Peer 1: 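This structure is in structure tokens; I'll ask about it shortly.
Computed from a predicted structure; not experimentally measured. We name chains A, B, ... by the order of the sequence lines, and we start the count at 1 in each one.
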Amino acid sequence: MTNPNNVSLNISHELAFIDSHALNIPTYRVLNEQGGVSEGATVPEIDQATALKIYDTMRFIRALDERMQAAQRQGRVSFYMQCLGEEAAVTASAAALDDNDMIMAQYREQAALRYRGFTLEQFMNQMFSNEKDLGKGRQMPIHYGSNELNYMTISSPLGTQIPQASGYAYGQKIKHINKQSGELDSEIDNITICYFGEGAASEGDFHAGLNMAAVHKAPVIFFARNNGYAISTPAEEQFAGDGIASRGVGYGIKTIRVDGGDALAVYAATKTAREHATKTGEPVLIESLAYRLGAHSTSDDPSGYRSKDEEASYRENCPVARFRTWLVAQGWLDEQEDEKVKEQVREQILDALKVAEKVAKPPLEDLISDVYNTPIPSLQAQYEQLKSHIKKYPDAYPITAGRIK
Amino acid sequence: MTNPNNVSLNISHELAFIDSHALNIPTYRVLNEQGGVSEGATVPEIDQATALKIYDTMRFIRALDERMQAAQRQGRVSFYMQCLGEEAAVTASAAALDDNDMIMAQYREQAALRYRGFTLEQFMNQMFSNEKDLGKGRQMPIHYGSNELNYMTISSPLGTQIPQASGYAYGQKIKHINKQSGELDSEIDNITICYFGEGAASEGDFHAGLNMAAVHKAPVIFFARNNGYAISTPAEEQFAGDGIASRGVGYGIKTIRVDGGDALAVYAATKTAREHATKTGEPVLIESLAYRLGAHSTSDDPSGYRSKDEEASYRENCPVARFRTWLVAQGWLDEQEDEKVKEQVREQILDALKVAEKVAKPPLEDLISDVYNTPIPSLQAQYEQLKSHIKKYPDAYPITAGRIK
Amino acid sequence: MKTMNMLHAINSALDITMAENDHACIFGEDVGYFGGVFRATSGLQEKYGKHRVFNTPLTEQGIAGFANGLAAFGAPAIAEIQFADYIFPAFDQIVNESAKFRYRSGNEFNVGNLTIRTPYGGGIAGGLYHSQSPEAYFAHTPGLKIVVPRDPYQAKGLLRAAIKDDNPVIFFEPKRLYRASVGEVPEEDYSIELGKAEVVQEGKDVTVLAWGAQMEIISAAAEKAKEQGISVELIDLRSILPWDVETVANSVKKTGRLVVSHEAPITNGFGAEIVATIQQECFLHLESPIARVCGLDTPYPLALEKEYIPDALKVFEAIKNAVEF
Amino acid sequence: MKTMNMLHAINSALDITMAENDHACIFGEDVGYFGGVFRATSGLQEKYGKHRVFNTPLTEQGIAGFANGLAAFGAPAIAEIQFADYIFPAFDQIVNESAKFRYRSGNEFNVGNLTIRTPYGGGIAGGLYHSQSPEAYFAHTPGLKIVVPRDPYQAKGLLRAAIKDDNPVIFFEPKRLYRASVGEVPEEDYSIELGKAEVVQEGKDVTVLAWGAQMEIISAAAEKAKEQGISVELIDLRSILPWDVETVANSVKKTGRLVVSHEAPITNGFGAEIVATIQQECFLHLESPIARVCGLDTPYPLALEKEYIPDALKVFEAIKNAVEF
Ligand SMILES: Cc1ncc(C[n+]2csc(CCOP(=O)(O)OP(=O)(O)O)c2C)c(N)n1
Ligand SMILES: Cc1ncc(C[n+]2csc(CCOP(=O)(O)OP(=O)(O)O)c2C)c(N)n1
Ligand SMILES: [Mg+2]
Ligand SMILES: [Mg+2]
């Protein structure tokens with residue numbers, strides 16, 4: 001496009017509007033709903049170890065979700081959010097990345113973090129906001145993060161990670177740019193993936209983030225999890241276009257829609273997207289279609305806004321079962337062994353929970369550390385005052401009183 | 001779309017990305033660059049009075065812009081912004097509306113206001129922020145507004161009018177909704193047009209405004225003026241998609257791109273868009289292509305960022321001349337008469353300027369009125385204190401000191 | 001009179017508003033069929049239709065922008081921001097647009113019809129992003145009104161006044177009290193004048209001032225002080241903008257001492273404004289420095305919430321210090 | 001030493017930064033080829049390449065979001081917001097994200113590399129939207145630092161310190177002085193410590209405090225006061241967050257009187273915080289109420305700008321009142 005308006009310029013003398021749904025958007029799928037390979041589909045290249053790691057992760061997350069949902073009901077943890085129904089989308093996309101790629105997630109992507117190696121103990125410590133939590137007990141359960149694993153700490157405000165992902169990815173690209181030509185002079189080694197829900201995609205930050213990534217060529221994979229709901233708001237009250245994928249062309253971003261219940265399709269699409277990003281520096285948009293099978297969170301009760309029938313019809317199409325069927329058919333997974341591991345995982349989770357809930361809460365200094373790199377004088381003064389106060393009334397502050405220096 | 005994800009669901013087994021420029025977007029044009037009717041084009045229905053009013057408005061605005069640009073250079077007015085190059089886009093779109101439709105403009109759309117009947121005196125009073133300014137001398141020159149003429153007062157922050165237009169238009173629709181069915185039960189009488197630049201379209205408010213209008217079916221015409229620049233930033237550093245029109249499909253909004261230098265095309269497209277909006281309540285997106293022929297504003301010097309050659313090549317394609325040629329060919333305009341009127345208009349403008357610059361500035365009470373519907377006590381107290389202060393030092397506040405009650 | 005919790009009281013005020021004006025609309029994230037995540041708008045979509053009570057897409061800047069437009073059109077626009085922590089994407093629309101709409105246009109246009117409701121405050125194990133009290137961010141903005149109720153009766157009367165007021169109003173609802181605070185509330189319509197503080201308990205030794213959920217805390221502190229023979233005058237500010245300087249100044253002239261308490265971080269919280277104004281108004285009457293008992297200057301924490309909050313004990317200490325100064 | 005105006009001084013600080021670190025980026029609306037609407041980034045794209053000095057699309061929330069991400073990656077991210085009046089769309093990214101990034105992650109991640117530059121302030125016939133001084137909106141946010149220079153020497157030294165500081169910093173530039181303020185500035189690198197106020201003139205009767213462009217105004221007022229035999233101690237706060245309580249309190253303990261002046265509207269401006277803290281710190285030393293001379297509680301006007309601003313005459317009056325109290 002070589003005109004100042006930066007548009008394609010094909011003159012027409014017919015007064016005709018582009019239809020509101022003019023774009024044809026296929027949904028890429030490999031495995032059918034029963035877990036068989038769809039007729040006409042090619043199974044993407046995937047090695048056994050990767051496939052099993054994907055499955056292992058999904059199995060683990062399913063068990064963790066079940067257990068923590070129950071723990072919340074028992075009042076042992078204050079809050080929880082399940083990945084239920086979206087395990088394949090999250091896990092298989094994470095599996096298509098390099099371990100040093102940055103993951104910026106929304107909050108329902110614990111499977112990606114697990115795939116990277118976050119330990120059961122680390123999950124638990126965060127949820128119990130104890131002193132071993134990497135986040136120092138400051139955020140609500142499920143707001144994980146790990147520098148070591150390149151998983152950006154979750155932030156509750158929705159959409160904010162989207163332009164941040166563009167900036168982060170731009171940073172990853174800088175060293176590959178030739179100072180003279182301004183062009184890439186090597187393949188980009190690491191990129192960023194940014195997950196968000198179809199609800200969060202309504203935020204202004206979505207628009208800013210995608211547009212900036214496209215204009216500045218930031219190597220980000222924007223992974224939109226269209227799971228049908230934003231809390232109680234159905235997707236049809238969220239947007240009137242054809243999903244999130246229909247927006248790609250508006251930013252000049254290559255786009256693909258995948259069946260988010262199909263681990264193989266997600267894996268293949270993400271791998272290809274990553275290749276494109278590392279070679280060109282350009283962003284890619286992936287829209288995954290799945291159904292949020294569980295409640296929004298433990299604070300939510302979906303029976304207030306959607307039918308049991310709808311839920312039931314989607315429950316049948318389980319992404320974990322689908323992939324499992326394929327693995328079994330491949331001869332890569334033994335069903336009995338799988339059941340045994342499931343049981344073990346459940347027990348490990350319960351044990352870890354019992355341990356983590358007994359670990360002490362963070363010490364008082366963690367109330368004021370990390371506001372700045374070092375506390376500013378006024379905050380230090382507030383802290384000293386608080387310490388004297390707690391020393392005066394130790395019974396009122398049982399968590400910290402005994403440990404004040 | 002009857003699935004929870006609210007998407008078209010056509011399964012494909014091919015791993016293929018939708019191209020970043022998959023959409024074919026024609027540019028609608030009736031008059032060729034010389035002002036003749038393009039081969040194959042149909043001239044839209046337009047009566048002589050409307051056509052002449054459009055021309056009269058463009059002629060006036062051209063003269064006003066020239067005069068005020070000069071006045072700023074002479075230091076008589078502090079600031080000015082020209083419509084140069086975009087007169088046809090703005091005027092002809094305004095002409096396609098009903099007088100009671102709301103206009104929410106960005107700032108470069110003085111022609112739309114003029115078309116509605118804003119008087120020369122009113123323009124001048126605003127620019128000289130004198131006591132006759134409807135805006136009470138509070139905003140910089142060119143921030144016009146008129147309740148009577150349904151022209152929302154201009155606000156400098158870019159993009160903010162876009163979601164506001166959706167809300168305003170939604171209000172216009174409410175009375176037409178059948179309480180039982182929730183559907184329209186009569187044709188909507190008045191709608192909103194919302195103008196913005198291709199730069200402002202990068203703001204998060206653009207995304208929010210278009211999406212909300214689409215979801216809630218607000219009868220707005222979103223009129224994107226793609227004029228190639230946002231101050232010094234060329235459109236190719238603003239977006240990577242195919243103009244603004246490529247975004248319509250992402251919101252599920254009917255869209256058309258028009259040659260913004262062609263008054264007839266703009267008029268016809270806007271008329272059709274309005275019809276669609278009044279009948280369905282749905283928004284429409286129009287992208288007008290023109291070139292910002294002048295500087296961004298009187299504070300700007302484009303020679304710092306674009307070539308004289310580029311400017312010259314677009315100067316040839318003058319939207320006013322193009323329409324004039326057609327009018328003359330129609331036998332609706334006499335060239336000599338036109339020259340005479342031009343001269344008269346110039347003189348009127350100069351006279352009005354001389355009058356307005358001598359009108360007194362607003363009285364002191366206008367410093368605090370309209371912050372609230374009635375001043376709150378603290379502000380009233382500040383005002384009393386200010387009055388005593390000015391009375392004590394009248395020489396320091398010559399504009400108001402003499403008139404304090 | 002009927003016994004209502006704060007959510008019922010708010011729902012009742014909204015119900016009256018919707019019945020009163022055919023153009024009034026309620027909208028925000030999840031406020032439609034579901035009735036909002038706290039259920040404040042429960043039953044209203046069923047009663048008034050999906051075109052007047054509706055879910056919006058997930059965009060606070062859009063909600064506020066749409067609300068500005070609808071209000072400018074002339075319809076009562078009642079927008080909900082799901083948590084006050086998420087009002088910041090709407091900051092530009094509120095601070096640069098709502099607040100300046102009338103002034104910049106010379107009253108050609110205004111958004112007096114706008115009311116923004118949003119639950120605020122901590123004490124619910126909500127951490128950084130479900131606990132904030134952002135009233136002070138708005139208090140620096142001429143053109144806005146800001147209101148915070150302390151109980152169901154106040155909530156209904158103040159919300160009705162906010163909606164009827166011909167200026168944009170932000171109505172902060174203490175979510176910790178949504179269900180916890182229960183009281184007698186008239187079923188019929190009534191309003192409580194904006195901009196007026198209320199002396200909720202008379203006293204002579206020290207004035208203690210707060211608003212919203214913090215009223216419960218300072219009342220508890222006043223009880224403790226009473227046990228020590230200190231007589232506390234308690235003031236509920238109710239309106240942050242405009243605020244009732246006169247009532248507060250009169251009280252402080254009487255007691256000679258003032259303690260201000262709020263949940264938000266102390267630095268540049270609204271407490272600062274109160275102190276700055278009152279030290280001016282009451283300079284010769286002050287017998288001790290005006291004290292602020294507020295949140296620490298940190299983001300809102302989780303595990304150490306108890307340590308963070310300006311609890312009754314801390315307020316009590318400040319009362320004692322003021323009296324013993 | 002070289003004579004520079006404030007824009008040159010800022011440009012010089014940016015130039016040193018870009019030379020120092022290959023990953024440092026400067027971006028914002030029109031900052032690229034054109035060098036920014038005020039030309040603060042002039043010549044830098046040519047020198048360091050389009051990939052390190054670039055125009056962004058027109059979206060402040062995007063600029064701040066992108067900047068947060070780039071800073072989190074570890075690159076010095078120097079973002080420009082074209083006018084401080086347009087910083088509000090970025091409010092969420094700054095207040096909820098930049099400020100809380102380190103805390104919420106337990107220091108797993110931080111955006112200490114972030115610096116946001118933005119021209120602020122009035123006196124240029126800019127009206128509502130080219131005149132605002134929004135520092136107080138940010139001052140209520142733990143995690144941010146806020147800096148305002150008064151002249152070219154200060155601008156370069158403070159900007160370098162802001163960039164090198166390992167916390168997100170908002171750097172407000174007094175645009176009225178961009179070209180008007182000229183002075184000696186070293187060409188080499190130097191920094192001025194953040195968080196330290198400067199006593200720019202010693203005096204004994206009254207302390208007068210301001211920052212940025214307002215320093216010029218209070219200096220003029222102090223001159224007038226001197227003619228009347230009043231000895232004024234002038235303080236430039238320089239850093240709003242953190243601010244130097246000690247220097248101010250020491251001065252007020254000596255003079256017994258304080259006048260604070262800022263351009264922003266008085267209610268809940270940063271003056272309020274200064275008054276609230278100083279009345280606490282210096283209660284027994286105060287001989288008159290602390291006075292604030294600020295903008296009125298209205299949006300920033302145009303035709304009546306002269307009447308609106310806290311000019312030298314108004315500051316002078318406040319000085320006299322304080323001394324004669
Ligand atoms: C800025 C902001 N607004 C509102 C919320 C409250 N909220 C939390 S999750 C949610 C729905 C998100 O839906 P979606 O993006 O589709 O993700 P999903 O939960 O379906 O995975 C809302 C409204 C928030 N966290 N942040
Ligand atoms: C929120 C906001 N950011 C920045 C500006 C400063 N500004 C004024 S006009 C402009 C460029 C607008 O370009 P465009 O939208 O294309 O409109 P055009 O001037 O070309 O008509 C900018 C950046 C502003 N007014 N508001
Ligand atoms: Mg969702
Ligand atoms: Mg433009």
Peer 1: For chain D, which of C/Leu284, C/Thr267, C/Thr277 has the most heavy-atom pairs under 4.5 Å?
Peer 2: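 So the answer, after comparing C/Leu284, C/Thr267, C/Thr277, is C/Thr267.
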Peer 1: Any chance you could measure D/Tyr86, atom OH, to C/Asp92, atom CG, to the nearest 0.5 Å?
Peer 2: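 Those atoms lie 10.0 Å apart.
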Peer 1: Report the option among D/Ser288, D/Pro301, D/Ala291 that has the most heavy-atom pairs separated by less than 4.5 Å from atoms of chain C.
Peer 2: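 Top option by heavy-atom pairs under 4.5 Å: D/Ser288.
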Peer 1: As an exercise: rank D/Asn96, D/Ile278, D/Leu302 by heavy-atom pairs under 4.5 Å with chain C and give me the winner.
Peer 2: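 Among D/Asn96, D/Ile278, D/Leu302, the one with the most close pairs to chain C is D/Asn96.
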Peer 1: For D/Tyr103, is it the side chain, the backbone, both or neither that has a heavy atom under 4.5 Å from a heavy atom of chain C?
Peer 2: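 Looking at D/Tyr103, just its side chain touches chain C.
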Peer 1: Restricting to non-hydrogen atoms, name the atom on D/Ile266 and the atom on C/Glu273 that form the minimum distance, rounded to 0.1 Å.
Peer 2: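 Looking at all heavy atoms of both residues, the shortest contact is O-OE1, 3.6 Å.
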Peer 1: Can you tell which part of C/Gln93 gets under 4.5 Å to a heavy atom of chain D, answering side chain, backbone, both or neither?
Peer 2: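 Neither part, no heavy atoms under 4.5 Å.
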Peer 1: Quick check for you: among C/Ala276, C/Ala264, C/Cys282, which has the greatest number of heavy-atom pairs under 4.5 Å with chain D?
Peer 2: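 Ranked by contacts with chain D, first place is C/Ala276.
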Peer 1: Checking an interface table here. Which of residues 240-257 of chain D come within a heavy-atom distance under 4.5 Å of chain C?
Peer 2: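 Hits under 4.5 Å: D/Leu241.
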Peer 1: Show the nearest heavy-atom pair for residues C/Thr298 and D/Pro142, with the distance to one decimal.
Peer 2: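 Heavy atoms of C/Thr298 and D/Pro142 come nearest at N-CG, 3.5 Å.
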Peer 1: Using non-hydrogen atoms and a 4.5 Å limit, figure out which bit of D/Gln280 sits close to chain C: side chain, backbone, both or neither.
Peer 2: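 For D/Gln280, the contact with chain C is made by backbone and side chain together.
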Peer 1: With a 4.5 angstrom heavy-atom cut-off, which part of D/Glu135 approaches chain C: side chain, backbone, both or neither?
Peer 2: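 Interface part for D/Glu135: neither.
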Peer 1: Is it the backbone or the side chain of D/Phe283 that comes under 4.5 Å from a heavy atom of chain C, or both, or neither?
Peer 2: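 For D/Phe283, side-chain heavy atoms alone lie under 4.5 Å from chain C.
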Peer 1: Check whether any side-chain N or O of C/His140 sits under 3.5 Å from a backbone N or O of D/Ala136 as a donor-acceptor pair, and report yes or no.
Peer 2: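 Not a single qualifying donor-acceptor pair exists.
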Peer 1: Do D/Tyr129 and C/Arg104 make a side-chain contact, defined as non-hydrogen atoms from C-beta onward lying under 4.5 Å apart?
Peer 2: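 With C-beta onward as the side chain, the pair touches.
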Peer 1: Have a look at C/Tyr137 and tell me which of D/Tyr137, D/Phe91, D/Phe88 forms a ring pair (Phe, Tyr, Trp, His ring centres under 6.0 Å) with it.
Peer 2: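 That would be D/Phe91; it is the only one of D/Tyr137, D/Phe91, D/Phe88 passing the ring pair (Phe, Tyr, Trp, His ring centres under 6.0 Å) with C/Tyr137.
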Peer 1: Say whether, by atom type as modelled, one donor and one acceptor occur between the side chain of D/Gln279 and the main chain of C/Gln279 under 3.5 angstrom.
Peer 2: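 Such a contact is absent between D/Gln279 side chain and C/Gln279 backbone.
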Peer 1: Which atoms of D/Ile274 come close to chain C, meaning under 4.5 Å heavy atom to heavy atom: side chain ones, backbone ones, both, or neither?
Peer 2: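 Neither part; nothing is under 4.5 Å.
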Peer 1: Name the region of D/Glu281, side chain, backbone, both or neither, that has any atom closer than 4.5 Å to a heavy atom of chain C.
Peer 2: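 No part of D/Glu281 comes within 4.5 Å of chain C.
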Peer 1: Which of residues 316-324 of chain C get closer than 4.5 angstrom to chain D, counting heavy atoms alone?
Peer 2: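 Answer by number: none.
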